[in-house]
Amino acid sequence: MSAPGSTATTTSSAEFVWRPMQAVDLAAVQAIADRVHRDYPEDQSVFAERLALCPGGCHVLESADQRYGYVVSHPWRYADPPKLNQLIAPLPTQPSTYYIHDIAFLPQAQGRQAASRIVRELLMLATQAGLQNASLIAINGSQPFWAHLGFRVAAQDALRDKLASYGADARFMVRDLPA
């Protein structure tokens, strides 16, 4: 969730706003992903496909018409996360989880509760869709952040091959949602 070698600006947290992602945002999303997730590259086609499949699960964080973060999420199959940089169409007709595929921020947007705000919104969306849980793959030592938001590490053995594409510290995490 951070990019090395960047300096923070003095932008106030009130100026950072989540809004629905649009196709015009894809180049900025790709630039943020390339900067933040250098060791986990994904093609722009992955972001474009997720946006086309689930526009309600894709948002950008912006301030003064500049993008500082994004989230990509969609309904999916529990304990079957897509491998990194993989197209997934179509979405399952009977999903069993709400999958948070990626969330990333430039340093200027970190520490402003932006992630907590959008995750709460996504969890409400998942609950309204009747899904019983939300899941994700935590990378880069982000387990404590996700645990703070109510996610817990779930069984890993069956996911070993898929998790390998996300790095050695990757952990599958899940959060139960209210019925």
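FYI, the numbering just counts along the sequence from 1. This is a predicted model, so every value here is computed, not measured.
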Practice task
Can you sort out the partners of Gln143 under side chain to side chain donor-acceptor pair (under 3.5 Å), two or more places apart, ordered by chain and number?
Solution key: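 So Gln143 forms no side chain to side chain donor-acceptor pair (under 3.5 Å) with any residue.
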
Please tabulate, for the side chains in residues 124-135, all donor-acceptor contacts under 3.5 angstrom to protein atoms that are two or more places apart in sequence or on a different chain.
residue, atom, partner, partner atom, Å
Thr127, OG1, Leu123, O, 2.9
Asn133, OD1, Thr97, OG1, 2.4
Ser135, OG, Thr97, OG1, 3.0

Verify the cluster assignment for [X] and [Y]: are they in a single hydrophobic cluster under the rule of side-chain heavy atoms below 4.5 Å apart?
X      : Y      : result
Val46  : Ile103 : no
Val60  : Val36  : yes
Val119 : Val72  : yes

Please round to the nearest 0.5 Å and tell me the distance separating atom [atom1] of [X] and atom [atom2] of [Y].
X      : Y      : atom1 : atom2 : value
Arg50  : Ser73  : CZ    : OG    : 10.5 Å
Met173 : Ser142 : CE    : OG    : 7.5 Å
Leu61  : Phe16  : CG    : CZ    : 6.0 Å
Leu51  : Met21  : CG    : CE    : 6.0 Å
Leu106 : Arg35  : CG    : CZ    : 5.0 Å
Ile139 : Leu163 : CD1   : CG    : 11.5 Å

Problem - Contacts of Gln66 that satisfy side-chain contact (heavy atoms from CB on, under 4.5 Å) - sequence neighbours left out - result: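 So Gln66 forms a side-chain contact (heavy atoms from CB on, under 4.5 Å) with Tyr68.
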
Problem - Results of side-chain contact (heavy atoms from CB on, under 4.5 Å) for Asp43 - residues two or more places apart only - result: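 Asp43 satisfies side-chain contact (heavy atoms from CB on, under 4.5 Å) with Ser45, Asn85 only.
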
Under the ring-ring contact (aromatic ring centres under 6.0 Å, His included) test, which residues partner [X], sequence neighbours left out?
X     : result
His74 : Trp76, Tyr99
Tyr78 : Phe172
Tyr98 : none

Looking only at heavy atoms, which two atoms of [X] and [Y] are closest? And how far apart?
X      : Y      : result
Asp39  : Pro41  : C-CD, 3.4 Å
Tyr166 : Tyr40  : O-CE2, 2.6 Å
Gly69  : Ile32  : N-CD1, 3.6 Å
Pro75  : Leu91  : O-CD2, 3.5 Å
Ala138 : Trp146 : CB-CD1, 3.9 Å

How would you list all residue pairs meeting salt bridge (charged side-chain N to carboxylate O under 4.0 Å, His left out) that involve [range], not counting sequence neighbours?
range            : value
residues 66-80   : Asp25-Arg67, Arg77-Asp80, Asp80-Lys162
residues 166-179 : Arg152-Asp176
residues 89-109  : none

Exercise for the section: Starting from the C-alpha separation in whole Å, work towards a yes-or-no answer on side chain to side chain contact (heavy atoms under 4.5 Å, CB included) for Ile118 and Glu121. Expected result: CA-CA 5 Å; Ile118 196 64; Glu121 189 174 314; 4.1 Å; yes

Where the side chain of [X] meets the backbone of [Y], is there a donor-acceptor pair that is under 3.5 Å apart?
X      : Y      : answer
Glu62  : Arg19  : no
Glu42  : Phe47  : no
Gln30  : Gln44  : yes
Arg117 : Arg112 : yes

Problem - Pair listing, side-chain hydrogen bond (donor to acceptor under 3.5 Å, both in side chains) test, anchored in residues 86-96, at least two apart - result: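 The answer is none; no pair qualifies.
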
Handout entry: Pairwise ring-ring contact (aromatic ring centres under 6.0 Å, His included) hits with a residue in residues 48-67, at least two apart
Key =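 Of all non-adjacent pairs touching residues 48-67, none passes ring-ring contact (aromatic ring centres under 6.0 Å, His included).
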
